[in-house]
Amino acid sequence: MKHYDALVVGGGPAGSTTAYRLADAGASVLLVDKARFPRDKPCGGGLTMRAVRQCPVDPAPVVEEEIDVVELRFRFGTGVARQAREPVIWMTQRRHLDAFLLDAARERGVEVREGTSVDVKRIAADVIVGADGANGTTARAVGLGAGIVHGVAYEGNVPYGGLDRGRYARRAVVELADIQGGYGWVFPKGDHANIGVGGWQSEGPRLKDHLRRVCEAHGLEPEALESLRGHRLPLRLPGTPIAAGRALLVGDAAGLIDPVSGDGMYECFVSSRLAADAILDLLAGRAGSLAPYQAAIEAELASLHRASWLLKRALDRWPRASWRLARTALVWRTVERLLRGELESPDEQRGLARLPLRGLALLGR
């Protein structure tokens, strides 16, 4: 039986970039995924520029739209549109992005097996990486991930024949619409727009109605949506174990999703970088286990996620007061810098722009 330095279970962005980084450093890597690529994946498909900065492969070839306007609306009425100095989000489709990143890993020397399920205990590998997402089984198999809670999302696509292309060009629309734990959105792509809603898992029974209201607010019949699908959003609580011994979790499998935005692409690339570092230290004998990975994740993401949890609670408890603060130019100054990767956390913001951030934090306590 062939022996590998690392077994990566899951070929999404977290798994493929972890494998890419390891192979690039000379490790032997086997990556398996039960699907065959390209395959679709429920996701809004936005890559913030801070996520792009963390990705080891330039995703520009699969980008369909650049976003430099963010429109924030409250209860489908009052809204504000903020213009960024440069693009803050690249829009793609996961079927294209994931296949692109997996091909990059394969070209770097990763052995890829598609359409394959494995028992992780029956593969000869020094390290196991769980990258099989919110519904994966690797976390349970290696005794990690207990303590992850979930949100839910429901989304579909509408071709531009049924939607005004000019209205949404280069613009991401976010609807703060009394959806507990979440929001609605309209994200433009190459030949269609992605329309969806997300919230706490308890909002599941109401998601179809929430999506209907978003569609109607944008002049669409809900029946016009194609490729409707729902999915879970895993949210890691502080202290949730994601590494032990010779196993670790990355990306969605680790619950590494921003609590307020539901975006996990930045966290996915950060976790793949930190996971590869920890694995290479273990393989080289510089560490006795993968436990340092969890500490590294906490150090890099805890401040950002703490602020996101506070904002999430503020929007749930005090929606109108939170909206009044969130719509200000001072808050946009911070949001733009976060999206571009110029700040790692709102805590790094200085000057007058900190005042509304403190107000939102107080509302979320």
Engineer: How far apart are the closest heavy atoms of Leu256 and Ser271, and which atoms are they?
Structural biologist: CD1-CB, 3.6 Å

Engineer: Does Asp126 form a side-chain hydrogen bond (donor to acceptor under 3.5 Å, both in side chains) with His3? I'd like the steps, not just the answer.
Structural biologist: CA-CA 8 Å; Asp126 291 331; His3 184 277; 3.1 Å; yes

Engineer: For residues Pro188 and Val173, determine if any side-chain heavy atom of one lies less than 4.5 Å from a side-chain heavy atom of the other.
Structural biologist: no

Engineer: Once rounded to the nearest 0.5 Å, what's the spacing between atom OG of Ser308 and atom CD1 of Ile257?
Structural biologist: 12.0 Å

Engineer: Got a second to check how far Leu101's CG is from Arg106's CZ, nearest 0.5 Å?
Structural biologist: 12.0 Å

Engineer: Val110, Ile128: one ILVMFWY side-chain cluster at the under-4.5 Å cut-off?
Structural biologist: yes

Engineer: Could you grab the distance from atom CH2 of Trp332 to atom CG of Leu338, nearest 0.5 Å is fine?
Structural biologist: 10.5 Å

Engineer: Begin from the C-alpha positions of Val118 and Arg113 and carry the test side-chain contact (heavy atoms from CB on, under 4.5 Å) through to its verdict.
Structural biologist: CA-CA 10 Å; Val118 297; Arg113 298 182 190 172; 5.5 Å; no

Engineer: Please step through salt bridge (Lys or Arg N to Asp or Glu O under 4.0 Å) for the pair Glu300 and Arg273, ending with a clear verdict.
Structural biologist: CA-CA 11 Å; Glu300 191 139 344; Arg273 170 172 55 81; 2.3 Å; yes

Engineer: Going from CZ on Arg232 to CD1 on Ile148, what distance comes out if it is rounded to the nearest 0.5 angstrom?
Structural biologist: 9.5 Å

Engineer: I'd like to know if the side chain of Asn194 and the backbone of Phe187 have a donor-acceptor N/O pair within less than 3.5 Å.
Structural biologist: no

Engineer: Please check if the side chain of Thr116 supplies one atom and the backbone of Val32 the other of a donor-acceptor pair under 3.5 Å.
Structural biologist: no

Engineer: Please examine the side chains of Leu102 and Glu114, heavy atoms only from C-beta on, and report whether any two atoms are closer than 4.5 Å.
Structural biologist: yes

Engineer: Any carboxylate oxygen within less than 4.0 angstrom of a Lys/Arg side-chain nitrogen, looking at Glu267 and Arg236?
Structural biologist: no

Engineer: Is any side-chain heavy atom of Arg82 closer than 4.5 Å to one of Val335?
Structural biologist: no

Engineer: Please determine whether a side-chain nitrogen of the Lys or Arg among Arg85 and Glu342 lies less than 4.0 Å from a carboxylate oxygen of the Asp or Glu.
Structural biologist: yes

Engineer: Which value, rounded to the nearest 0.5 Å, describes the distance between Thr78 atom OG1 and Leu176 atom CG?
Structural biologist: 11.5 Å

Engineer: Inspect the surroundings of CZ in Arg167 and state if more than 12 heavy atoms from other residues, nucleotides or ligands are less than 6.0 Å away.
Structural biologist: yes

Engineer: Return yes when atom CZ of Arg122 has more than 12 non-hydrogen atoms of other residues, nucleotides or ligands closer than 6.0 Å, and no otherwise.
Structural biologist: no

Engineer: Tell me, do Ile242 and Leu248 make a side-chain contact under 4.5 Å, heavy atoms counted?
Structural biologist: no

Engineer: Is it the case that atom CD in Glu348 sees more than 12 heavy atoms from other parts of the structure closer than 6.0 Å?
Structural biologist: yes

Engineer: Does the side chain of Leu47 come within less than 4.5 Å of Pro59's, by heavy atoms?
Structural biologist: yes

Engineer: Does a side-chain heavy-atom distance below 4.5 Å link Glu111 with Tyr4?
Structural biologist: yes

Engineer: Membership question, hydrophobic clusters at under 4.5 Å side-chain separation (ILVMFWY): are Trp185 and Val80 in the same one?
Structural biologist: yes

Engineer: Using only atom types and a distance under 3.5 Å, with no angle test, would you say the side chain of Gln83 pairs donor to acceptor with the backbone of Asp68?
Structural biologist: yes

Engineer: Using side-chain hydrogen bond (donor to acceptor under 3.5 Å, both in side chains), reason through Glu65 and Tyr168 one step at a time and then give a plain yes or no.
Structural biologist: CA-CA 10 Å; Glu65 182 88 4; Tyr168 301 96; over 6 Å; no

Engineer: Quick check on side-chain contact (heavy atoms from CB on, under 4.5 Å): which of Val9, Ile279, Leu7 does Val129 satisfy it with?
Structural biologist: Ile279

Engineer: Specify the closest pair of heavy atoms between Arg21 and Ala276, including all atoms of both residues, with the distance to one decimal.
Structural biologist: CB-CB, 3.7 Å

Engineer: Taking all non-hydrogen atoms of both residues, which atom of Ala193 and which atom of Val186 are closest, and how far apart?
Structural biologist: CB-CG1, 4.2 Å

Engineer: So does Trp318 have more than 12 non-hydrogen atoms from other groups sitting under 6.0 Å from CH2?
Structural biologist: no

Engineer: Should Leu72 and Val69 be regarded as members of a common hydrophobic cluster, given that ILVMFWY residues are connected when their side-chain heavy atoms come within less than 4.5 Å of each other, either directly or indirectly?
Structural biologist: no

Engineer: Test your reading of the model: is there a side-chain donor-acceptor pair from Tyr293 to the backbone of Leu249, 3.5 Å cut-off?
Structural biologist: yes

Engineer: Can you check whether Lys208 reaches Leu211 side chain to side chain, under 4.5 Å on heavy atoms?
Structural biologist: no

Engineer: Could you check Arg50 against Tyr266 for side-chain hydrogen bond (donor to acceptor under 3.5 Å, both in side chains), going step by step and ending with a plain yes or no?
Structural biologist: CA-CA 7 Å; Arg50 71 176 177 180; Tyr266 170 70; 5.7 Å; no

Engineer: Show the numbers, then the answer: is there a side-chain contact (heavy atoms from CB on, under 4.5 Å) between Phe74 and Arg324?
Structural biologist: CA-CA 9 Å; Phe74 184 64; Arg324 286 173 176 166; over 6 Å; no

Engineer: Report yes or no: does Arg206 contribute a side-chain atom to a donor-acceptor pair with the main-chain N or O of Ser202 at less than 3.5 Å?
Structural biologist: yes

Engineer: Can you tell me if Ser28 uses its side chain to pair, donor with acceptor, with the backbone of Asp5 under 3.5 Å?
Structural biologist: yes

Engineer: Please check if atom NZ in Lys34 has more than 12 non-hydrogen atoms from other residues, nucleotides or ligands closer than 6.0 Å.
Structural biologist: no

Engineer: When you group the ILVMFWY residues by side-chain heavy-atom contacts below 4.5 Å and let the links chain together, are Ile179 and Val70 in the same group?
Structural biologist: no

Engineer: So that I can tick it off, tell me whether Glu175 and Arg213 are bridged by a salt bridge, with the cut-off set at under 4.0 angstrom between side-chain N and carboxylate O.
Structural biologist: no

Engineer: Would the distance check show the side chain of Thr17 and the main-chain N or O of Phe269 forming a donor-acceptor pair, the cut-off being under 3.5 Å?
Structural biologist: no

Engineer: Which heavy atom in Leu360 sits nearest to a heavy atom in Ala314, and how many Å separate them?
Structural biologist: O-CB, 3.6 Å

Engineer: Using the six-membered ring wherever Trp is involved, compare the ring planes of Trp200 and Trp309 and label them parallel, tilted or perpendicular (cut-offs 30° and 60°).
Structural biologist: parallel

Engineer: With the side chain counted from C-beta on, respond yes when Arg313 and Asp316 share a heavy-atom pair under 4.5 Å apart, and no when they do not.
Structural biologist: no

Engineer: Could you report the tightest heavy-atom contact between His231 and Cys43, atom names first, then the distance?
Structural biologist: NE2-N, 4.2 Å

Engineer: May I ask you to say whether Arg212 pairs ionically with Asp209, meaning some side-chain N is under 4.0 Å from a carboxylate O?
Structural biologist: yes

Engineer: When you measure from the side chain of Glu71 to the backbone N and O of Gly79, does any donor-acceptor pair fall under 3.5 Å?
Structural biologist: no

Engineer: Determine whether a donor-acceptor pair (N or O, by modelled atom type, separation under 3.5 Å) exists between the side chain of Arg354 and the backbone of Gln349.
Structural biologist: yes

Engineer: Could you grab the distance from atom CD1 of Ile123 to atom CG of Leu30, nearest 0.5 Å is fine?
Structural biologist: 6.0 Å

Engineer: Please determine whether residues Leu304 and Leu311 belong to a single hydrophobic cluster, defined as Ile, Leu, Val, Met, Phe, Trp and Tyr linked transitively by side-chain heavy-atom distances below 4.5 Å.
Structural biologist: no

Engineer: Over all heavy atoms of both residues, which pair between Asp98 and Phe37 is shortest? Give the atoms and the distance, please.
Structural biologist: CB-CE2, 3.9 Å

Engineer: Let's go through Glu203 and Val197 carefully: what are the C-alpha distance in whole Å and the side-chain angles of both, what is the deciding distance for side-chain contact (heavy atoms from CB on, under 4.5 Å) to 0.1 Å, and is it a yes or a no?
Structural biologist: CA-CA 10 Å; Glu203 287 293 297; Val197 292; over 6 Å; no

Engineer: Testing Val29, Asp132, Thr138, Asp33 for side-chain contact (heavy atoms from CB on, under 4.5 Å) with Val8, which one passes?
Structural biologist: Val29

Engineer: Quick one: does any side-chain atom of Lys41 pair with a main-chain N or O of Arg94 as donor and acceptor, under 3.5 Å?
Structural biologist: no

